[in-house]
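Here is the structure we will look at.
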Amino acid sequence: MIGSDIAEGKISALVVEHGRLRPQDKEQMLHILRLPREETTKKQIEDLSLSFLRSGALDAVLETIVSLAQQLFQDPLLSQYPKIHQMIL
């Protein structure tokens, strides 16, 4: 389900990055994340998801994922473990 991490109050990479990029949004974001799941509205989830996109948090997290994956693929140590190498390809 889209937004389930928000509804569950998870402090994800998106939450951390958004808080870094938009500290002025931190209090409202944490208010939403602290709500019980059944009290978190679809609108709150949609608004926070859109904030992640607008602040650049989504792009920044995706860039980090790509960068870390590239580093992993290029690490010579990985070639010593062919089974693990095959799992990540």
Side-chain angles (χ1 to χ4, degrees):
M1 174 177 119
I2 294 175
S4 62
D5 282 358
I6 294 170
E8 293 171 5
K10 292 182 180 175
I11 306 297
S12 66
L14 282 170
V15 168
V16 172
E17 187 63 17
H18 182 71
R20 186 184 71 76
L21 293 169
R22 302 270 311 178
Q24 65 271 29
D25 293 352
K26 194 174 185 179
E27 189 175 320
Q28 179 61 23
M29 178 176 58
L30 291 176
H31 169 74
I32 293 168
L33 293 170
R34 289 179 178 139
L35 289 172
R37 182 182 184 129
E38 59 277 358
E39 292 179 26
T40 307
T41 67
K42 184 176 179 180
K43 177 155 179 26
Q44 288 170 318
I45 291 169
E46 289 171 352
D47 289 349
L48 192 50
S49 296
L50 189 56
S51 292
F52 293 158
L53 181 64
R54 289 183 176 158
S55 71
L58 179 60
D59 287 338
V61 169
L62 290 174
E63 285 176 22
T64 299
I65 290 169
V66 169
S67 174
L68 289 171
Q70 288 172 343
Q71 290 174 40
L72 179 64
F73 293 141
Q74 294 170 1
D75 192 317
L77 184 62
L78 188 61
S79 64
Q80 295 176 21
Y81 301 93
K83 289 183 181 180
I84 295 174
H85 190 261
Q86 286 300 317
M87 286 174 47
I88 63 168
L89 294 178

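When all heavy atoms are compared, the tightest approach of Leu78 to Phe73 is CD2-CA, 4.3 Å. Smallest separation of non-hydrogen atoms from Leu33 and Ile11: CD1-CD1, 3.9 Å.
Remark: Glu27 CD is loosely packed, at most 12 non-hydrogen atoms of other residues, nucleotides or ligands lying under 6.0 Å away.
Here the side chains of Ser51 and His18 are in contact, with some heavy-atom distance below 4.5 Å. Annotation: side chain of Gln44 is in contact with side chain of Leu35 (closest heavy-atom distance under 4.5 Å). A heavy-atom distance below 4.5 Å is not found between the side chains of Lys10 and Ser4.
Taking hydrophobic clusters as Ile, Leu, Val, Met, Phe, Trp and Tyr residues chained together by side-chain heavy-atom distances below 4.5 Å, Met29 shares a cluster with Leu53. Transitive grouping of hydrophobic side chains (ILVMFWY, heavy atoms separated by less than 4.5 Å) keeps Val15 and Leu21 in distinct clusters. There is no path of hydrophobic side-chain contacts, each under 4.5 Å, that joins Leu68 to Leu62. Follow the hydrophobic side-chain contacts under 4.5 Å out from Val61 and you reach Ile45 in the same cluster.
Checking Gln71, Gln70, Glu63 one by one against Ser67, the side-chain hydrogen bond (donor to acceptor under 3.5 Å, both in side chains) holds for a single residue, Gln71.
Distance check: Arg34 CZ to Thr40 OG1 gives 13.0 Å after rounding to the nearest 0.5 Å. Separation of atoms CD1 (Ile32) and CG (Asp47) is listed at 7.0 Å; rounding is to 0.5 Å. Atom CD1 in Ile6 sits 7.5 Å away from atom OG in Ser12 (nearest 0.5 Å).
The pair Glu17-Arg20 meets the salt-bridge criterion, since a charged nitrogen lies less than 4.0 angstrom from a carboxylate oxygen.
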